[in-house]
Amino acid sequence: MLAARTGTVGGKGAEEALKLRKQSVLSVGSRERALRSSAEGSKEGRARPGQPQQRARRLALLRELEMSWYLRLCELSHEFTIAYTTGMPHRNLGKSGLRVSCLGLGTWVTFGGQISDEVAEQLMTIAYESGVNLFDTAEVYAAGKAEVILGNILKKKGWRRSSLVITTKLYWGGKAETERGLSRKHIIEGLKASLQRLQLEYVDVVFANRPDNNTPMEEIVRAMTHVINQGMAMYWGTSRWSAMEIMEAYSVARQFNMIPPVCEQAEYHLFQREKVEVQLPELYHKIGVGAMTWSPLACGIISGKYGNGVPESSRASLKCYQWLKEKIISEEGRKQQGKLKDLSPIAERLGCTLPQLAVAWCLRNEGVSSVLLGSSSPEQLIENLGAIQVLPKMTSHIVNEIDNILGNKPYSKKDYRS
């Protein structure tokens with residue numbers, strides 16, 4: 001009867017049927033055990049509600065330890081990073097994800113002008129080995145020669161391109177009317193020419209070197225979005241733009257689904273504070289635009305070398321910097337030199353030089369993503385890079401003491417309301 005029910009004939013078929021029945025019984029038993037254990041587990045879960053969370057935390061910690069071990073094995077953990085080994089702090093450029101060293105090297109006046117190519121290479125090597133990853137230039141610096149020198153050094157050194165942040169600025173590209181300004185034509189052609197001089201496929205940030213009232217804002221933003229989409233740049237920013245102009249660029253970008261600027265390059269030092277301390281923080285909190293500042297020593301005025309006049313080898317002695325010489329010997333310039341003398345005891349107390357104090361003072365502003373240094377000698381650059389060690393000493397007491405000597409602290413709307 002069993003054979004007839006199972007559709008089998010003979011002893012062999014009976015054995016197969018018996019095997020199937022055993023398997024079904026085993027599967028039913030295992031299913032019952034699984035259900036029983038899950039029910040018991042749910043009872044335990046109800047009895048101890050924190051247990052699953054603890055188990056998840058332990059697993060997460062275990063994964064983190066495994067990842068830390070693996071990164072250390074590959075020499076990619078935190079203690080192997082350039083920021084850790086050199087002690088150079090890095091900050092985000094505005095609210096973008098781009099990490100830049102808080103000190104960068106600029107090429108204005110020096111590259112292709114004040115210094116030789118050999119000294120330029122020494123400066124870049126010192127900066128890179130000190131943890132600096134940001135190098136800034138512009139198409140107008142030494143009529144394009146600064147970009148050529150920078151590009152030659154990068155090619156010679158063979159540093160990984162992914163470890164560098166190279167920035168350039170566009171506006172003055174030549175003598176023809178179509179070679180200057182921020183028209184779509186000049187932004188695209190000017191950046192292509194800059195990339196040829198730099199011998200690079202792209203720059204990390206391209207800046208509009210000044211506002212252009214002759215070009216509609218939509219055209220500027222569309223052109224900047226285009227060069228980014230074409231892979232010629234990663235981000236774009238502004239330089240010497242007003243807060244209103246930056247806000248207009250952001251609004252146009254959002255209106256037409258384009259890419260807004262991430263950073264403003266602005267002058268910032270002990271005697272120039274309004275824009276960076278009042279206007280840009282508001283833009284940062286509203287639209288994420290950061291600050292990359294230049295001239296922390298006010299074209300050398302804060303270095304202390306102009307205390308007894310204008311030395312022959314200084315920047316102010318150059319013919320094209322007659323305006324700087326006049327500024328130094330003016331009544332306002334003499335007042336500034338007097339305030340610098342009053343600041344010297346603070347620098348001595350902190351165990352640093354006046355230039356180091358001035359650079360650290362700029363860095364103490366958390367709204368500043370990076371401070372661009374301009375150096376004409378390796379000794380000067382090494383001294384300025386030493387500001388990193390002074391930064392932890394810039395307590396609120398020291399900052400207030402400096403403010404009292406300068407007497408030029410700008411007041412924001414929040415200060416007026418309070």
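As the structure is a computational prediction, the values presented were derived from the model and not from experiment.
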d(Lys155 NZ, Leu198 CG) to nearest 0.5 Å is 12.5 Å

Main-chain N/O of Gly174 paired with Arg180 side-chain donor or acceptor, under 3.5 Å: yes

Assess the side chains of Glu139 and Ser194: does a donor N or O sit below 3.5 Å from an acceptor N or O? no

Distance check, rounded to the nearest 0.5 Å: Lys339 atom NZ versus Lys335 atom NZ? 8.0 Å

Sub-4.5 Å side-chain heavy-atom contact between Val132 and Ile126: no

Could you tell me whether the side chain of Tyr235 reaches within less than 4.5 Å of the side chain of Leu98, counting heavy atoms only? yes

Take atom CG in Asn257; do more than 12 heavy atoms of anything else shown fall under 6.0 Å from it? no

Please examine the side chains of Asn384 and Gln380, heavy atoms only from C-beta on, and report whether any two atoms are closer than 4.5 Å. yes

Let me see the working for Val359 and Leu297 under side-chain contact (heavy atoms from CB on, under 4.5 Å), right down to the final yes or no. CA-CA 7 Å; Val359 174; Leu297 301 182; 4.2 Å; yes

Is it true that a side-chain atom of Glu264 and a backbone atom of Arg240 form a donor plus acceptor pair closer than 3.5 Å? yes

With side-chain contact (heavy atoms from CB on, under 4.5 Å) as the criterion, how do Leu381 and Leu105 come out once you've worked through the C-alpha distance, each side chain's angles and the decisive distance to 0.1 Å? CA-CA 9 Å; Leu381 178 59; Leu105 183 64; 4.2 Å; yes

What pair of heavy atoms forms the shortest contact from Thr168 to Ala138, and how long is it? OG1-CA, 3.4 Å

Interatomic distance, Leu150 atom CG to Glu121 atom CD [nearest 0.5 angstrom]: 12.0 Å

My understanding is that only one of Ile149, Val119, Thr107, Ile153 makes a side-chain contact (heavy atoms from CB on, under 4.5 Å) with Met124; could you say which? Ile153

Just by distance, do the side chain of His269 and the backbone of Glu267 share a donor-acceptor pair under 3.5 Å? no

Student check: side-chain heavy atoms of Asn209 and Ser239 closer than 4.5 Å: yes

Nearest heavy-atom neighbours spanning Arg197 and Gly144: CD-O, 3.5 Å

Are any non-hydrogen side-chain atoms of Gln199 and Leu154 less than 4.5 angstrom apart? no

Within a reach of under 6.0 Å around NZ of Lys286, are more than 12 heavy atoms found that belong to other residues, nucleotides or ligands? no

Lys145, NZ atom: more than 12 neighbouring heavy atoms under 6.0 Å: no

For the backbone of Met244 and the side chain of Glu248, can you confirm whether one donor and one acceptor N or O come within less than 3.5 Å of each other? no

Which pair of heavy atoms, one from Gln337 and one from Ile301, lies closest together, and at what distance? NE2-O, 3.4 Å

Are the side chain of Glu219 and the backbone N or O of Ser183 linked by a donor-acceptor pair below 3.5 Å? no

Taking the side chain as every heavy atom from C-beta outward, state whether Lys393 and Ile398 have any pair of such atoms under 4.5 Å apart. no

Please tell me if the side chains of Pro89 and Ile388 come closer than 4.5 Å, counting only heavy atoms from C-beta onward. yes

With a 3.5 Å distance limit and no angle check, can you tell me whether Arg161 reaches the backbone of Tyr202 through a side-chain donor-acceptor pair? yes

Does some side-chain heavy atom of Arg55 sit less than 4.5 Å from a side-chain heavy atom of Gln51? yes

Atom OH of Tyr70: over 12 foreign heavy atoms under 6.0 Å: no

Between Trp361 and Arg364, is there a cation-pi geometry (under 6.0 Å to ring centre, at most 45° from the normal)? yes

Please work out which of the three classes, parallel, tilted or perpendicular, describes the rings of Trp159 and Phe135, given edges at 30° and 60°. parallel

Ignoring hydrogens and geometry, is there a side-chain-to-backbone donor-acceptor pair from Asn133 to Val165 under 3.5 Å? no

If I compare all heavy atoms of Val205 with all of Gly237, which pair ends up nearest, and what's the gap? CG1-N, 4.1 Å

So which heavy atom on Ser370 is nearest to which on Ser101, and how close? OG-O, 2.8 Å

To the nearest 0.5 angstrom, please state how far the CG atom of Asn214 sits from the CD atom of Glu177. 8.5 Å

Check Leu195 against Glu201 and note the closest heavy-atom contact, atom names and distance. CD1-O, 3.7 Å

Using side-chain contact (heavy atoms from CB on, under 4.5 Å), reason through Trp236 and Val227 one step at a time and then give a plain yes or no. CA-CA 9 Å; Trp236 79 277; Val227 295; over 6 Å; no

Taking atom CG of Leu123 and atom CD1 of Ile382, what is their separation to the nearest 0.5 Å? 9.0 Å

Could you tell me which residues satisfy salt bridge (Lys or Arg N to Asp or Glu O under 4.0 Å) with Lys192, sequence neighbours excluded, listed by chain and number? none

Any side-chain to backbone donor/acceptor pair from Thr293 onto Ala266? Under 3.5 Å, distance only. no

Ser369 side chain to Asn92 backbone, donor-acceptor under 3.5 Å: yes

Checking Asp204 against Val100 for the side-chain contact (heavy atoms from CB on, under 4.5 Å) test, could you report, in this order, the C-alpha distance in whole Å, the side-chain angles of both residues, the deciding distance, and whether it holds? CA-CA 11 Å; Asp204 295 278; Val100 294; over 6 Å; no

Using 4.0 Å as the upper bound for N to carboxylate O, is an ion pair formed by Asp136 and Lys169? yes

Under a plain distance cut-off of 3.5 Å, with no hydrogens placed, do Thr238 and Glu245 share a side-chain donor-acceptor pair? no

Point-to-point distance, once rounded to the nearest 0.5 Å, from OG of Ser242 to NZ of Lys275: 7.0 Å

Could you check whether any side-chain N or O of Thr110 sits under 3.5 Å from a backbone N or O of Ile115, counting only pairs where one atom can act as donor and the other as acceptor? no

